[in-house]
Amino acid sequence: MIGARHNLAVASAARPEASAADAFLRITGLEKVYKTKDGSDVRALTAINLTVGQGAFVSVVGPSGCGKSTLLKILAGILDRTAGEIWMHGKTLSGPSRELGVVFQAPVLLPWRTVLENVMVPIEVQKRDRATFEAIARKYIHMVGLAGFEGKYPNELSGGMQQRVGICRALVHDPSILLMDEPFGALDAMTREYMNGELQRIWLESKKNIVLVTHSIPEAVYLADRVVVMTPRPGRIVDVIDVDLPRPRTLAMQNTPEFGRFVAAIRRHFNSEGILDV
Amino acid sequence: MARPTDKTLLQTVIDSPLLSLAVLVGFLGFWELAVIVLGIPKIVLPLPSSIAVSLWDGFASGLYLWHLAITFYEIMVGFLVGAASGLVIGFIVALSPLLERIFYPYVVAFQTIPKVAIAPIIVIWFGYGTASKIVITATIGFFPVLANTIVGLRAAPHDQLEMLTAYTATRWQLFRMVRLPQALPYIFVGLDVAIVLSVIGAIVGEFVGAKAGLGFLILQMNFNFDMAGTFAILLVLSAIGVGLHWMVNWAQRRVVFWMDSASDRTIGA
């Protein structure tokens, strides 16, 4: 734990842009305690401290039960925190924000809406200009390889296609922050690699702040500037690793010794915790 | 080896929609023969052929049309009143936990009273005309719509509500964009149960006291030991029930188009 704190401090101090003033995200002393039905407490998150600079791509990696999805839901404003402070763009987080795009583990599409109508949900909810954003919606639908499916209903799509609709929905209103909870988990390996590439491209072009929750260590290293490593019971951050591989990253890079060293550094934490197969 | 498309004769017969019709014809033939051979009196069991004759005469003479119109009017108006109040109160109860706590126990208590038992009271209050039948029909059709509306409005999956909340949806938007569409399949189940019960409601009302209607006609024929005529009217009533059930199903398939009929949910009255 001392080593982890040291790493965190170094990581924060090493990046001048990550100072409190212009950090896009700052979390101090975040705690989340769930009450179970029999009245006992379950500590899902404890002592979460994190500062992320403007425009950074952050991956949160850890095994199931480490509270990474809970952390993302708190950031999305749909789950209350038990204690701690969160600032986004310098403002205290107090609920859902128009500046957020969220991709969930499951596609969560509305079955009575077509692909295009599902992608337009944030536009409709936030009463933005329909005509302007419909063009953007169509662009993203095309980008994720669903051109021609705009008028189809979710039950006519495969699980992977539905998930890609969910990704379009998170991007359509051009949010400055993108929160993604294992967005590619349901995709086949090749589509996943393609979507990883597209996500990197979107991030490089738009400089959005992205928080990606994943249980794939290579995916975390491939995409992120900083990898937040979490372990369960209770969910906590054990390390924050800065990945300084050059951009744009390529799939071939995954076979280099540098890439392997980052992966090994992360995996070490899980081996020492006795958690295998992550 | 036969290709999958090559059906045997037996398979063709089994798959044919005519099969159930053939079974019916066989059953009626057996019935006709049994009554004749066993010499069953026609005031106990009429011949299927004389039921058909009664049915024909009833329509041809115009006798049924007037009574059918009265009963159909009672069914439809009673159903609409019952369903509309079930919907409105269902929405109010589902959206206000306080009102639910105050009123729902009384609604359930009312539902436990057999409507047949209060039909005589309603006839005294609302008279021998169509009004009392409409009230009885409405009280019977009300509850299934109410119960299904409440269950349906609470059936919205948590993750859909969370997703919309994350995109800053208001309470009203959550209702309009998720809760209401999710409730529709349940509401249609309630409407389907209610419309079939409405036929029963109208006949119950007419049995207690009426001047016209198919229920009134059944009592009259029973009084005259006209068994064939009674059976003929039962057929008419059954046709009305089936027709109305089809209408509700037809509307359901169009409104709740995203659900396949195989996953239809049923919640009884």
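Below, each value reflects all heavy atoms present in this structure, side chains not excepted, and no hydrogens, waters or symmetry copies. Labels below follow one simple rule: chain letters A, B, ... track the order of the sequence lines, proteins then strands, and each chain is numbered from 1.
The environment of B:Lys115 atom NZ is dense: over 12 non-hydrogen atoms of other residues, nucleotides or ligands sit within 6.0 angstrom. Heavy-atom neighbours of B:Phe72 CZ from other residues, nucleotides or ligands within 6.0 Å: at or below the threshold of 12. Within 6.0 Å of atom CG in A:Asp129, more than 12 heavy atoms from other residues, nucleotides or ligands are found, so the atom counts as buried in its surroundings. Counting heavy-atom neighbours within 6.0 Å of B:Arg254 CZ, excluding the residue itself, gives a total above 12. The neighbour count for B:Tyr73 OH, taken as heavy atoms of other residues, nucleotides or ligands under 6.0 Å away, does not exceed 12.
Taking chain B as the reference chain and counting heavy-atom pairs below 4.5 Å, the highest number among A:Pro175, A:Ala76, A:Pro122 is found for A:Pro122. Between chain B and the residues A:Gly95, A:Ser97, A:Gly77, the largest count of heavy-atom pairs under 4.5 Å involves A:Ser97. Contact count versus chain A (heavy atoms, under 4.5 Å) is highest, among B:Asp159, B:Thr168, B:Thr165, B:Leu164, for B:Thr168.
A:Leu109 contributes atom CG, which lies 7.5 Å from atom CE of B:Met163 (distance to the nearest 0.5 angstrom). Put simply, CD on B:Gln182 and CH2 on A:Trp112 are 4.0 Å apart, with the number rounded to the nearest 0.5 Å.
Proximity of B:Met177 to A:Val125: side-chain heavy atoms (C-beta onward) are separated by under 4.5 Å at one or more points. Within the 4.5 Å cutoff, the side chain of B:Gln173 has no heavy atoms near those of the A:Gln126 side chain.
Contact of A:Arg169 with chain B is made through backbone and side chain together, with heavy-atom distances under 4.5 Å.
Residue pairs meeting the ring pair (Phe, Tyr, Trp, His ring centres under 6.0 Å) criterion with at least one member in residues 138-176 of chain A, sequence neighbours excluded, are A:Tyr153-B:Phe257, A:His173-B:Tyr167.
Applying the side-chain contact (heavy atoms from CB on, under 4.5 Å) criterion to B:Phe103, with sequence neighbours excluded, gives B:Leu99.
Residues A:Pro96 and B:Ala166 share a closest heavy-atom pair of CB-O, 3.7 Å.
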